[in-house]
Amino acid sequence: QIFVKHDPFCIAQIPSMVSNGSHCYKPQEGTFNMDSDLGKLRIDYFESETPFTPYGGANMTEIFYHESTNVHPHITRYPGFGELHGAACPCIDVGAGILKNDWASDAEYIGREMLGIEYLWEHREVDHFLKGPHHLWVDVETNQTIRMWQPFNGLEVFDPSAWSTAADVTVPDDYELPRSCKLLSKVCIDGTDPSAVAGLVESMEEVLQVPSMR
């Protein structure tokens, strides 16, 4: 994940689409689960670390829920503070819903490339597509999405051998919001409003007691 740097240790991890200023780069590993019938997405993070912090790995969000235009990062612990037992789960309206399975049907075809894939550490023959600021690479051998890149927002790599479309991979209950997320879902932060995002950053800085970048 790539996000604007709000504090010296990259602890306030709030997604945005801002290209100016300093940014933090956070390696993450996990599983994407999506139910197109429900219109819901759940991301389970196995690894979510912010480097160069005095607290060590800042694995704050274990599960990330996305429904409608709202995202719910289920924060189960703060770096240096231990487990919080799901005490925080802000609701952020990012102004965009979950992508449909044919979202790239009108993407511009750039061409076929031989590309080195990060984290898989292998070269693959891929087809390169572009839609708006989003770059998408499809593995020629498996016809599965293998790499996505949006400048100043995120780089995503998907292992083609790990894709599964089986109907029983997840069940509806897997996408049910925890109680802490439901409590805050009635008061969502406008993720498209810079002042609202700034207020969230200030709140996180107060809780974590980290120096402000402002």
- Task: Kindly determine whether Ser161 and Asp159 satisfy side-chain hydrogen bond (donor to acceptor under 3.5 Å, both in side chains), including the steps that lead there.
- Result: CA-CA 5 Å; Ser161 66; Asp159 185 349; 2.8 Å; yes
- Task: Take Met148 and His135 through the side-chain contact (heavy atoms from CB on, under 4.5 Å) test and state the conclusion after the steps.
- Result: CA-CA 6 Å; Met148 294 196 296; His135 292 260; over 6 Å; no
- Working for side-chain contact (heavy atoms from CB on, under 4.5 Å), residues Ile146 and Ile117: CA-CA 8 Å; Ile146 192 171; Ile117 308 298; 4.0 Å; yes
- Task: Check step by step if salt bridge (charged side-chain N to carboxylate O under 4.0 Å, His left out) holds for Arg112 and Asp127.
- Result: CA-CA 4 Å; Arg112 183 158 292 185; Asp127 285 326; 2.8 Å; yes
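Taken to the nearest 0.5 Å, the CZ atom of Phe64 stands 13.0 Å off from the CZ atom of Arg42. Here CG of Leu120 is found 11.0 Å from CZ of Phe158. Values are rounded to the nearest 0.5 Å. Atom CD1 in Ile189 sits 5.5 Å away from atom CD1 in Ile92 (nearest 0.5 Å). To the nearest 0.5 Å, the span separating CG on Leu136 from CH2 on Trp149 amounts to 14.5 Å. To the nearest 0.5 Å, atom CG of residue Asn70 and atom SG of residue Cys188 are 4.0 Å apart. Note that OG of Ser36 is 11.5 Å distant from CG of Leu41, once rounded to the nearest 0.5 Å.
Heavy atoms only, all atoms of each residue included: Ala107 and Phe129 are closest at CB-CB, 4.0 Å. Across all non-hydrogen atoms, the minimal contact from Met114 to Glu125 is SD-N, 3.7 Å. Taking every heavy atom of both residues into account, Tyr119 and Val157 meet most closely at CD1-CG2, 4.2 Å. The minimum heavy-atom distance between Tyr175 and Tyr65, with the atom names listed, is O-CD2, 4.1 Å. Here the closest non-hydrogen pair linking Val126 and Leu115 is CG2-CB, 3.8 Å. In terms of heavy-atom proximity, Pro172 sits nearest to Leu38 at CA-CD1, 3.9 Å.
The only member of Asp44, Ile43, Asp174 that meets side-chain contact (heavy atoms from CB on, under 4.5 Å) when paired with Asn33 is Asp44. Of the options Glu156, Glu113, Glu118, a salt bridge (Lys or Arg N to Asp or Glu O under 4.0 Å) to Arg147 is made by Glu118 and by none of the others.
Transitive grouping of hydrophobic side chains (ILVMFWY, heavy atoms separated by less than 4.5 Å) keeps Leu155 and Leu130 in distinct clusters. One hydrophobic cluster, built from ILVMFWY side chains closer than 4.5 Å, cannot hold both Leu177 and Val171; they sit in different ones.
Counting only heavy atoms from C-beta outward, the side chains of His74 and Pro178 approach each other to under 4.5 Å. In this structure, Val4 and His23 have side chains that are in contact, with non-hydrogen atoms separated by less than 4.5 Å. Contact annotation: the side chain of Ile110 approaches that of Glu108 to within less than 4.5 Å [non-hydrogen atoms, C-beta and beyond]. Counting heavy atoms from C-beta on, the side chains of Pro90 and His72 never come closer than 4.5 Å.
The backbone N or O of Thr145 lies less than 3.5 Å from a partner atom in the side chain of Trp163, making a donor-acceptor pair. Listed for the Lys131 side chain is a donor-acceptor partner under 3.5 Å among the backbone atoms of Trp103.
Note on Arg124 versus Asp139: salt bridge recorded, some NZ/NE/NH1/NH2 to OD/OE distance being below 4.0 Å.
Sulfur-to-sulfur, Cys181 and Cys89 sit under 2.5 Å apart at their SG atoms.
Within 6.0 Å of CG on Asn143 lie no more than 12 heavy atoms contributed by other residues, nucleotides or ligands.
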